[in-house]
There are 2 protein chains.
Amino acid sequence: MPLKADLDAIDWKILRELQNDGRMTNVELSSRVGISAPPCLRRVRRLEETGIIRGYRALLNAPALGMDVVAFCLIGLHHQADAELKTFAERTRGWPIVRDAWMVSGESDFLLHCVASDLGTFQTFVIEELASAPNVDTVRTALTIRRVKDEGLVAFPA
Amino acid sequence: MPLKADLDAIDWKILRELQNDGRMTNVELSSRVGISAPPCLRRVRRLEETGIIRGYRALLNAPALGMDVVAFCLIGLHHQADAELKTFAERTRGWPIVRDAWMVSGESDFLLHCVASDLGTFQTFVIEELASAPNVDTVRTALTIRRVKDEGLVAFPA
DNA sequence: TCCCCGCGCGCAAGAATCTTTCGTGATTTC
DNA sequence: GAAATCACGAAAGATTCTTGCGCGCGGGGA
């Protein structure tokens with residue numbers, strides 16, 4: 001996984017297209033970026049192998065699946081030594097409600113992206129699991145009202 | 001887009017597999033979920049048409065693309081009337097640094113997921129764009145140190 | 001200057017996949 | 001109990017994937 005990759009304009013186009021539609025066929029992709037299918041596939045493979053493309057994911061509609069609560073939790077710990085940070089990070093991986101988690105700097109130590117079927121489930125999780133976990137000092141929650149923007153992960157050069 | 005869908009065990013398996021690998025071929029998918037390819041494809045199409053699958057996306061490695069700063073911003077507004085919320089939401093869509101944005105309830109009004117090439121770019125954005133935007137009261141930022149968990153959006157029944 | 005080499009593109013062909021059509025069996029409905 | 005509905009799976013044609021190979025461009029080195 002190189003820290004700095006040398007990508008040309010076609011590579012950037014490929015990344016933009018696949019970020020918008022990860023299931024696009026290779027012929028469609030090659031047509032959009034302006035080269036033929038074989039070199040296009042080779043470029044995609046190379047982007048995958050170098051780790052620039054980390055994977056592909058279907059985006060699901062949480063409310064339609066009965067997941068009505070999406071929230072973010074900001075966690076402050078009592079002690080921030082390396083071992084304690086790793087312990088808490090490991091703990092987040094065992095909580096199915098937590099979908100994504102980040103270690104952050106600032107007023108909090110962790111930010112958790114949570115999805116639950118209903119408010120009761122989420123509140124129970126916050127009180128009985130999160131807030132009562134070892135070393136947890138503060139828990140601030142922000143329930144999402146609606147998604148306002150939903151681009152891919154990375155912006156692209158003009 | 002039905003608010004509550006009736007999915008059987010096979011549909012759930014499909015969603016789980018595509019959430020893990022959105023580019024899996026249909027024959028591979030059908031084999032994993034235990035049915036033949038045609039009905040499997042019909043199920044995927046139905047999940048897409050009903051909006052349960054919102055789309056597909058390649059996950060990119062931001063640092064490898066020269067995006068070294070990933071941060072979250074919590075925004076508090078002075079006034080939270082519907083028009084003002086919509087105005088700010090619209091503004092977030094015009095900022096390329098903001099990749100995802102949520103309207104939230106709690107201590108803040110919006111949560112912004114930001115990606116920038118370097119700290120200077122991000123700080124300039126926060127000071128000159130975000131904090132100086134109309135109606136913005138408070139801006140709290142949390143720089144991410146590392147991703148700790150990265151599952152799909154939705155958890156699945158056992 | 002010329003030659004050689006490496007790199008990436010594109011053509012072509014075989015393999016794999018996608019997609020539609022159709023027949024069958026199970027469940028539901030009247 | 002009969003008919004209708006639904007979803008599955010087999011089969012076949014269309015599309016796509018994937019590999020191998022030849023070509024042209026650009027960068028050293030003699």
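Reminder, nothing fancy here: chain letters follow the sequence lines and each chain counts from 1.
Within the 4.0 angstrom heavy-atom criterion, only backbone atoms of the sugar-phosphate kind lie near Arg43(B); the bases stay farther away. Using a 4.0 Å heavy-atom criterion, one finds that Arg46(B) contacts no nucleic acid atom at all.
Between Val44(B) and Leu18(B), some side-chain heavy-atom pair lies under the 4.5 Å cut-off. Proximity of Arg99(B) to Leu153(A): side-chain heavy atoms (C-beta onward) are nowhere separated by under 4.5 Å. Residues Pro96(B) and Glu151(A) are not in side-chain contact: their nearest non-hydrogen atoms beyond the backbone lie 4.5 Å or more apart.
Within residues 25-38 of chain A, the residues having any heavy atom closer than 4.0 Å to DNA chain D are, in order of number, Thr25(A), Asn26(A), Val27(A), Pro38(A).
We find that CG of Leu47(A) is positioned 15 Å from C1' of dG8(C), with the value rounded to whole Å. If you take CD1 of Ile14(B) and C1' of dA7(D), they are 13 Å apart, rounded to a whole angstrom. Arg45(A) has its CZ atom 17 Å from the C1' atom of dG8(C), to the nearest Å.
Looking at Asp150(B) and Arg57(A), a side-chain N of the basic residue comes within less than 4.0 Å of a carboxylate O on the acidic one, giving a salt bridge. Look at Arg46(A) and Glu49(A) and you find no salt bridge, because none of the NZ, NE, NH1 or NH2 atoms lies under 4.0 Å from a carboxylate O. With respect to the salt-bridge test (charged N to carboxylate O, under 4.0 angstrom), the residues Glu90(B) and Lys86(B) do not qualify. By the 4.0 Å N-to-carboxylate-O rule, Arg32(A) lies close enough to Glu28(A) to be salt-bridged with it.
In the set dC9(C), dG9(D), dT19(C), dG9(D) carries the atom at the smallest distance from any side-chain atom of Arg42(B). The side chain of Leu41(A) has dC17(D) as its nearest neighbour among dC17(D), dT19(C), dC8(D).
Between Trp102(B) and Phe72(A), the ring planes lie perpendicular to each other; the angle is over 60°, past the 30° to 60° tilted range.
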(message) Evaluate Asp100(B) against Arg147(A) for salt bridge (charged side-chain N to carboxylate O under 4.0 Å, His left out), listing each step before the verdict.
(response) CA-CA 8 Å; Asp100(B) 302 299; Arg147(A) 191 195 315 266; 5.8 Å; no

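In terms of position along DNA chain D, the nucleotide closest to Ile10(B) lies nearer the 5' end than the nucleotide closest to the other residue of the pair Arg23(B) and Ile10(B).
In the helix from dT1(C)-dA30(D) to dC30(C)-dG1(D), the rotation axis of the first five pairs and that of the last five pairs differ in direction by 30°, rounded to 10 degrees.
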